[in-house]
Amino acid sequence: MELEKKIQEDLKEAMKAHDAVKLSAVRAIKAAILLAKTAEGANGELADADIVKIIQKLVKQRKESAEQYVACGRQELADNEIAEAAAMDPYLPKQLSEAEVADVLKAIIAEVGAAGPKDMGKVMGVATKKLAGQADGRLISTLVKSLLS
C-alpha cells in the first residue's frame, strides 16, 4: 500500500510540474493497478509486491515497444517509450548486475545439485523465485544456460 500512495503523490507532483512523460508513465501505472484491483477474483487490495510485478510488466512492454519502433524507423516514438520506462524505474527494486546474478545462480546450482543442461528447469524454478524483481528473466535464462553448459 505504501507504493500505491507514493504513486498517487507522484501523479500529483507530475501534474503540478507539467511533466508530460512522467505524468503519462504514472497514469499508466495507476490504470494498471486499478485494473488489477477490479479484476475478477481480486479482493480490491494489492500488496506492494503485486504492484512491483505490474510495474515490471509495464516497463518490459515499453522496452519491447521501443525495440519495435526502432526496427520500423520511428525513433521519436521509441524515445518516448524509453523515457516512460525510465520514469517507471524508480518504483522498482534495485536491479542486480550481471556479475551479482551469476554469483546467486552459482549458489543456486550448487544448492539444487544441477549437473548439466537437463537440470535447467530445476535451477530456473528456484532462480526466478529468488531473483524476482531483481533481475530480468531473459538474463537469468542466458546465464543459467552458460553456467550449465
Side-chain angles (χ1 to χ4, degrees), residues 1-109 117 120-149:
M1 291 304 293
E2 283 296 314
L3 186 56
E4 190 173 355
K5 288 177 186 173
K6 176 158 177 39
I7 290 167
Q8 184 62 38
E9 290 170 15
D10 288 351
L11 181 66
K12 291 176 189 174
E13 287 176 21
M15 286 176 161
K16 289 178 184 175
H18 300 288
D19 185 349
V21 173
K22 185 165 185 167
L23 184 61
S24 176
V26 177
R27 278 184 174 158
I29 293 170
K30 188 93 171 114
I33 290 171
L34 186 62
L35 278 172
K37 280 183 168 183
T38 58
E40 194 170 320
N43 63 357
E45 293 294 320
L46 287 176
D48 283 352
D50 296 327
I51 294 173
V52 167
K53 286 180 185 175
I54 290 169
I55 296 171
Q56 285 174 327
K57 182 179 175 185
L58 292 171
V59 169
K60 184 178 179 186
Q61 287 173 344
R62 301 284 180 296
K63 289 179 179 177
E64 289 173 353
S65 294
E67 289 174 12
Q68 293 295 320
Y69 287 138
V70 168
C72 293
R74 299 294 308 266
Q75 188 61 44
E76 70 282 357
L77 295 174
D79 292 342
N80 186 46
E81 294 291 326
I82 292 168
E84 280 190 24
M88 292 177 183
D89 276 341
Y91 303 109
L92 296 175
K94 180 187 161 286
Q95 296 289 301
L96 297 176
S97 69
E98 191 169 329
E100 292 170 323
V101 173
D103 291 341
V104 172
L105 289 175
K106 287 174 187 172
I108 291 171
I109 289 171
M120 186 169 171
K122 290 182 198 174
V123 176
M124 284 300 293
V126 175
T128 51
K129 288 178 184 155
K130 194 167 189 175
L131 295 170
Q134 298 177 323
D136 181 48
R138 199 178 303 161
L139 173 66
I140 294 170
S141 176
T142 304
L143 289 174
V144 168
K145 280 181 189 171
S146 67
L147 290 171
L148 290 177
S149 304

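What you see below is based on every heavy atom in this structure, not just the backbone, and it leaves out hydrogens, waters and symmetry mates. Computed from a predicted model, the values in this text were never measured in an experiment. Residues take their numbers from the sequence shown, with the count starting at 1.
Looking at heavy atoms from C-beta onward, Gln61 lies in side-chain contact with Lys57 at the 4.5 angstrom threshold. When side chains are defined from C-beta on, Leu147 does not count as touching Val123, because their heavy atoms never get closer than 4.5 Å. Counting heavy atoms from C-beta on, the side chains of Val26 and Tyr91 come closer than 4.5 Å.
Scanning for side chain to side chain donor-acceptor pair (under 3.5 Å) contacts around Arg27 gives an empty result, with sequence neighbours left out. Scanning for side chain to side chain donor-acceptor pair (under 3.5 Å) contacts around Thr142 gives an empty result, with sequence neighbours left out.
Listed here is the closest heavy atom pair of Ala36 and Leu46: CB-CD1, 3.8 Å.
Separating the CG atom in Leu105 from the CG atom in Leu139 is a distance of 8.0 Å, to the nearest 0.5 Å. For the atom pair CD1 (Ile108) and NZ (Lys129), the distance works out to 11.5 Å, reported to the nearest 0.5 Å. For the atom pair CE (Met15) and NZ (Lys12), the distance works out to 9.5 Å, reported to the nearest 0.5 Å.
None of Thr38, Asp50, Ile7, Ile55 except one satisfies the side chain to side chain contact (heavy atoms under 4.5 Å, CB included) rule with Ile33; the exception is Ile7.
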Tell me which donor-acceptor pairs under 3.5 Å the side chains of residues 75-82 have, and how far apart each pair is, sequence neighbours excluded?
residue	atom	partner	partner atom	Å
Gln75	NE2	Asp79	OD1	2.7
Glu76	OE2	Arg74	NE	2.8
Glu76	OE2	Arg74	NH2	2.8

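Judged by distance alone, with hydrogens and angles left aside, the side-chain atoms of Ser24 form no donor-acceptor pair with the main-chain N or O of Val21 at under 3.5 Å.
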